[in-house]
**Q** 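Have a look at the structure that comes next, please.
Just so you know, ligand 1 is whichever comes first in the structure, and atom 1 is the first atom listed for that ligand.
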Amino acid sequence: MTYLCDNIGKNTEGHLTFAGLDTVELAKAFGTPLYLLDENKIRAHCKAFRSAFETLFPAGSLPLYAGKANAFTGLYKILKEEGMGIDVVSPGELYLANRAAFDLSHTFFHGNNKTDADIDYAMELGVGYFVADNLEEIEAIEEIAAKRNIKQKVLLRLTPGIDPHTYEAVNTGRVDSKFGSAIATGQADEITALTLQKEHIELCGFHCHVGSQVFYEDVFERALDVMLDFAAKVRDTLGFTASMLDLGGGFGVPYTEKDPKIDPIERLASIAERFHKTCKALFFPEPAFFMEPGRSIVADAGMTLYTVGSVKEIPGYKTYVSVDGGMADNPRYALYRSPYTCLVANKQNEAHEKLVTVAGRCCESGDLIQENVPLPASTKKGDLLAVCTTGAYNDSMASDYNKLLRPPIVLIKNKIPRLALRRGRFEDLVGREG
Ligand SMILES: *Cc1c(COP(=O)(O)O)cnc(C)c1O
C-alpha cells in the first residue's frame, strides 16, 4: 500500500506510522483526539521555498508563511529559525508572532476589515507592511500613522479577476470578491492614486491572492501578467514604480489519491520564468517578489488521530463510524465538503474496502469528517482512526462547539514527540468568565 505522503508508513505490527513513530503508541501516550505535526516536514518545506526564492527571484524576495493555516507560538519559532516571512490576518496572529519574538519587520498584515484598534496595535508592534484592502483603510492608516508620527509601508490588495477553478467558497481572486480593489473596474487605479497622496504612507507595491487549492497550470502566471501590466500602467500614468509584488498563497495540496500532486518548487520555477519575461517585455524593473504559502507548508505535516466509539449500520442505507472528535476540531468537510483520507491506524494489514461515513460527536447531523470512505469491514469501537493531511486549517479553524475540549498538538522532531499545545481543560471553558 502506498500512502499520500512520505511521512506516513506502516510498521511490522501493521500499525500506521507518522513521522517515523507508531501512531498507536502516540495515541496511548497522548490520548485522542490528537493532532500530530511533523516538524521535519514543515522545516523541509520552508527550506525548499526559501532556497527557491533565493535562487529564482531578485534580492529581497521572500516566502511569507500564511499564519491562518496554523498558528501557535512554537510554530512561529520554527518559521523564524527557517528565515520565513509571515502574513498575519488579525491582531491575535500578530500577538502570537510577537510572543515568539518573530521579526515583525518581515510581517505583512492582511484583512478586509482591520479595525482602527487593529491598525494602532500593529503599528505599536512595528509591523513591516500593511496590505491595505480599501479606501477607508487607507484613510485610517494615514490618520493613525500621522498621530504616531511615522511613515507606514503599505501594499495594496488588488483583485486581478482570475478564477482559479477552485471551490467557490475559497475563491478570492475574481472581480466580485469581498477582498481588495478590482483592476477591471478602475477601483485599483483610484486607490493607488489616493494612497500616493498620503503623507504618512509609503506605497511599496501590490498584492493579490487568487484563491486556495490551486492546481491548474498557469493560474499564477496569468495573475502575474495582470499584476505586472497594472504596475506598468501605474508607472506610466501616476509615475509610481512598485518595488514589491506579492502574489499570495494557494498552492494545491493532495488530500486523497485522486487529487493531483503538484510540486510548488517546480511551479515557482515556471512563475519565475514568466516574471523575468514579463518584466522584460514591459521594461519594468524587477520588484522584490513574495508569495504566501500556508497549506503547502503545513497540511501534509499534519495528521489527526481519533478513537472509534461506535459503528452503526443502517441496513440498506449506510454505516456510520463515530469518532471522539469532529467538526469542532476539523470543520472543513462541514464547510466545504473537503476530501480527506481516513485510515484505521491499528489495522493497516486489513483491506480498506467497506464504504462508511465517518461522523463526529457534535449534536449536529452535518458533523461529518467524510462520507463514502473505505475502511476495514472489521472496524469497531476502540479502533484508532487516522485522518491524513490535517496540518492546515484544522486547529486554526477549530472551536469548542458543544464545549468539547480542544485536542493537543504534538510536534514530532527527529522521531521525538513533544507536546506543543496541551489538551483543553474544563477551566479553559470558563477562562473568559473572569
Ligand atoms: C488564505 C490566504 C493565504 C494562504 O493560502 P494557502 O491556500 O493556505 O496557501 C495567503 N494569503 C492570503 C491573503 C490568504 O487569504
**Q** Do any nitrogen or oxygen atoms of Gly248 come within less than 3.5 Å of a nitrogen or oxygen of ligand 1?
**A** no

**Q** Checking salt bridge (charged side-chain N to carboxylate O under 4.0 Å, His left out) for the pair Lys280/Glu286: CA distance, chi angles, key distance, verdict?
**A** CA-CA 8 Å; Lys280 205 169 168 193; Glu286 292 193 349; over 6 Å; no

**Q** Do Phe49 and Tyr65 have ring centroids that are under 6.0 Å from one another?
**A** no

**Q** Checking Tyr255 against Gln370: is there a side-chain donor and acceptor pair closer than 3.5 Å?
**A** no

**Q** For ligand 1, which part of Tyr393 has a heavy atom less than 4.0 Å away: the side chain, the backbone, both, or neither?
**A** side chain

**Q** In terms of atom number and element, which parts of ligand 1 are under 4.0 angstrom from non-hydrogen atoms of Ser212?
**A** 5 (O), 6 (P), 7 (O)

**Q** Under the side-chain contact (heavy atoms from CB on, under 4.5 Å) criterion, do Tyr340 and Thr304 qualify, and how do the steps go?
**A** CA-CA 11 Å; Tyr340 277 103; Thr304 306; over 6 Å; no

**Q** Using only heavy-atom distances, determine whether the side chains of Ser181 and Glu190 contain a donor-acceptor pair under 3.5 Å.
**A** no

**Q** Taking a cutoff of less than 4.0 Å between a non-hydrogen atom of the residue and any ligand atom, is Gly250 in contact with ligand 1?
**A** yes

**Q** Taking distance alone, with N or O pairs closer than 3.5 Å, would you say Arg157 contacts ligand 1?
**A** no

**Q** Is the contact between His110 and ligand 1 made by the side chain, the backbone, both, or neither, using heavy atoms and a 4.0 Å cut-off?
**A** side chain

**Q** Checking contacts here: is it the side chain or the backbone of Asp87 that comes within 4.0 Å of ligand 1, counting heavy atoms only? Could be both or neither.
**A** side chain

**Q** Taking only heavy atoms of Gly294, which atoms of ligand 1 are found under 4.0 Å from at least one of them?
**A** 6 (P), 8 (O), 9 (O)

**Q** Show me the donor-acceptor pairs, under 3.5 Å and distance only, between side chains in residues 408-416 and residues at least two apart or in other chains.
**A**
unit_1 : atom_1 : unit_2 : atom_2 : d
Asn414 : OD1    : Asn40  : ND2    : 2.7

**Q** Does Met291 approach ligand 1 within less than 4.0 angstrom via side chain, backbone, both or neither, non-hydrogen atoms only?
**A** neither

**Q** Going by the rule salt bridge (Lys or Arg N to Asp or Glu O under 4.0 Å), which residues pair with Arg235 if we only count those two or more places apart in sequence or in a different chain?
**A** none

**Q** What distance do Thr107 atom OG1 and Tyr76 atom OH have between them, rounded to the nearest 0.5 Å?
**A** 8.5 Å

**Q** Have a look at ligand 1 and work out which part of Ala66, if any, has a heavy atom under 4.0 Å from it: side chain, backbone, both or neither.
**A** side chain

**Q** Which atoms from ligand 1 have a heavy atom of Lys68 less than 4.0 Å away?
**A** 1 (C), 2 (C), 3 (C), 14 (C), 15 (O)

**Q** Applying a 4.0 Å heavy-atom criterion (strictly less than), which segment of Glu292 is in contact with ligand 1: side chain, backbone, both, or neither?
**A** both

